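Please read the structure below before turning to the comments.
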There are 2 protein chains.
Amino acid sequence: MIISFTEENYIKAIYSLASKSATQDVSTNEISNYFNNKAASVTDMLIRLADKKLINYQKYKGVTLSAKGQKLAIKIVRKHRLWEVFLLEKLNFKWDEVHDIAEQLEHIHSDELIDRLDKFLGEPKFDPHGDPIPNSNGQINSIKAKPLVTFTKKGNYILMGVCEHSKEFLQHLTLIGLKIGDVIKVEDINSFDNLYKVKINNKHTLFFSSKVASNILVESKK
Amino acid sequence: MIISFTEENYIKAIYSLASKSATQDVSTNEISNYFNNKAASVTDMLIRLADKKLINYQKYKGVTLSAKGQKLAIKIVRKHRLWEVFLLEKLNFKWDEVHDIAEQLEHIHSDELIDRLDKFLGEPKFDPHGDPIPNSNGQINSIKAKPLVTFTKKGNYILMGVCEHSKEFLQHLTLIGLKIGDVIKVEDINSFDNLYKVKINNKHTLFFSSKVASNILVESKK
DNA sequence: AAAAATATTTAGGGTAGTCTAAATTTTATC
DNA sequence: GATAAAATTTAGACTACCCTAAATATTTTT
Ligand SMILES: [Mn+2]
Ligand SMILES: [Mn+2]
Ligand SMILES: [Mn+2]
Ligand SMILES: [Mn+2]
């Protein structure tokens, strides 16, 4: 069965929206917001995806991925994240540059290619943004890290990933001298405006806005 | 200007057909044979490509690439061949496996990507089939090697490339123990059936059919 | 529980790229 | 140079994917 570029993007979007939202079902409007297209176009595509048994679709009730759709979504995510690692590690792109190119590369069809790429890269477990890379069986390590805002205690944390993936946000983090693996020592949390006073790698001190604190994923350091 | 996957494939086909045929102009039928589609579909596309100033098209007269089309074709060829080198050198694919995947990868849009890939691979001058890789300015070294059949003298030759790129032909060469760079010593050319008696790398002796002899490109060894 | 607001689907239409069948132009043959 | 054959284009239609406008279903508000 041939699955188009566009269909793959819908499947990936449904996967991503489902994982982010509380409810299981993804609505037509959520999808059209995601793509900045019209709800009517989405309905059109949902019917096609349902015909191909990639989703479970009931009029007016939203959609879930079928087992087949789930498998496909994870495969695309695996490809996307492995290509991002390739671009960063081998071609020396920056972490804010890899996503757009990976959006194209994730649609290359070849199981052999992706498994060889995986080996070539040393079977990495995380992509440049800290997101876990599914293995070839489709298993993903769920991520334990949580947004820094959810922690209210002073102490040492390690930057494990980001929630927000935009170029702007990633460039901002780079600008303030923050990268994955850095040790973030929370020295103070202002009770009025929730500003975090932190020290990075025991070197430079700075302040995290709540925008930053809510979009970086950390684990507390043992 | 957005150029589709399909349009890129037409441009590449016209480039390839023009370089192979004696006449400059490429005919509608040549293109439809190449793609195994209908002449009417080709005409349709030629009109679109002419609208985009990628080709010079006159009804019933065939087409040539415009300067813009030429530049695009060479860029796609560059990408194709660099990805083939990547697949062979870095991911250990065989030379008969790389083409199909490169057919997909050649359509990834990113100048930065292709230039970094080029550097990563050490700026290779030839692809796994001996075809020259255009540089980032679009310059290509024309290939000096000629099909073995064009040589009628005994002596030592070096295998520089292949004319025929099919999986079957490449696998056949591998099977008879022939790869690029090998020294082919022509010991005899049968005057009746034109069979070439050759010794490979001064080791094993075998016979080349005219099918093989006409599809391998060699240079005489100094 | 009716009315209003929102979400979703249906209807009809557009472009890209393909097809078949018919019309037209070019080339080959006598 | 007329006629036949081959090449090419035109006409009309189909699918994928998108749109707008209208219809319908669901949810929220009163
Ligand atoms: Mn990404
Ligand atoms: Mn990522
Ligand atoms: Mn190739
Ligand atoms: Mn090649």
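In what follows, every chain begins at residue 1, and chains take the letters A, B, ... in the order their sequences are listed. All values reported here derive from a predicted model rather than from experimental measurement.
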Next on the checklist: So if I take every side-chain heavy atom of Y57(B) and compare against dT18(C), dT20(D), dT9(D), which nucleotide ends up nearest?
Outcome noted: dT9(D)

Checklist entry - Is the phosphate of dT9(C), meaning OP1 or OP2, less than 4.0 Å from a side-chain N or O of T28(A)? => result yes

Checklist outcome for this item: Rounded to whole Å, CD1 of I2(B) lies from C1' of dG17(C) at a distance of 16 Å

Next on the checklist: I want to confirm an ordering. Mapping E7(A) and A40(A) to their closest nucleotides on DNA chain D, which one lands closer to the 5' end?
Outcome noted: E7(A)

Next on the checklist: Tell me the interatomic distance from K61(B), atom NZ, to dT25(C), atom P, rounded to whole angstroms.
Outcome noted: 12 Å

Checklist outcome for this item: Sorted by chain and residue number, the side chain to side chain donor-acceptor pair (under 3.5 Å) partners of D115(A) (sequence neighbours excluded) come out as R78(A)

Checklist outcome for this item: note: I3(A), atom CD1; dC17(D), atom P; distance rounded to Å ~ 11 Å

Checklist entry - Just checking K38(A): base, sugar-phosphate only, or nothing, at a heavy-atom cut-off of under 4.0 Å? => result base

Checklist entry - Roughly, in whole Å, what's the span from OH in Y10(A) to C1' in dA16(D)? => result 11 Å

Checklist entry - Which listed nucleotide (dC19(D), dT24(D), dT20(C)) is nearest to the side chain of Y60(A)? => result dT24(D)

Checklist entry - Think T43(B) has a side-chain N or O under 4.0 angstrom from the OP1 or OP2 of dT8(D)? => result no

Next on the checklist: Expressed as a whole number of angstroms, how long is the span from D44(B):CG to dG17(C):P?
Outcome noted: 9 Å

Checklist entry - Are any of N29(A)'s side-chain N or O atoms less than 4.0 Å away from OP1 or OP2 of dT6(C)? => result no

Checklist entry - Nearest to the side chain of T6(B) - dT10(D), dT18(C), dT8(C)? => result dT18(C)

Taking only distance into account, with no hydrogens and no angle test, what donor-acceptor pairs under 3.5 Å do side-chain atoms of residues 86-93 of chain A form with protein atoms, sequence neighbours excluded?
none

Item to check | Euclidean distance, atom CZ of residue R48(B) to atom P of dT15(C) [Å, nearest integer] | outcome: 12 Å

Next on the checklist: What's the closest nucleotide to the side chain of N37(A) if the choices are dC18(D), dT9(C), dT10(C)?
Outcome noted: dC18(D)

Next on the checklist: Nearest to the side chain of M45(B), heavy atoms from C-beta on, is which of dT20(D), dG17(C), dT8(C)?
Outcome noted: dG17(C)

Checklist entry - Does F5(B) have its ring centroid less than 6.0 Å away from the ring centroid of F5(A)? => result no

Next on the checklist: By nearest atom, which of the nucleotides dT10(D), dT18(C), dT9(D) is closest to the I47(B) side chain?
Outcome noted: dT10(D)

Item to check | Atom pair distance, as rounded to whole Å: NZ in K59(A) and P in dA11(C) | outcome: 9 Å

Next on the checklist: Just by distance, no angles: are the side chains of S210(B) and N194(B) close enough, under 3.5 Å, to form a donor-acceptor pair?
Outcome noted: no

Next on the checklist: Is there a side chain to side chain donor-acceptor pair (under 3.5 Å) between H165(B) and D131(B)? Walk through the geometry before answering.
Outcome noted: CA-CA 10 Å; H165(B) 289 68; D131(B) 293 310; 2.7 Å; yes

Checklist outcome for this item: note: L49(B), atom CG; dT9(D), atom P; distance rounded to Å ~ 13 Å

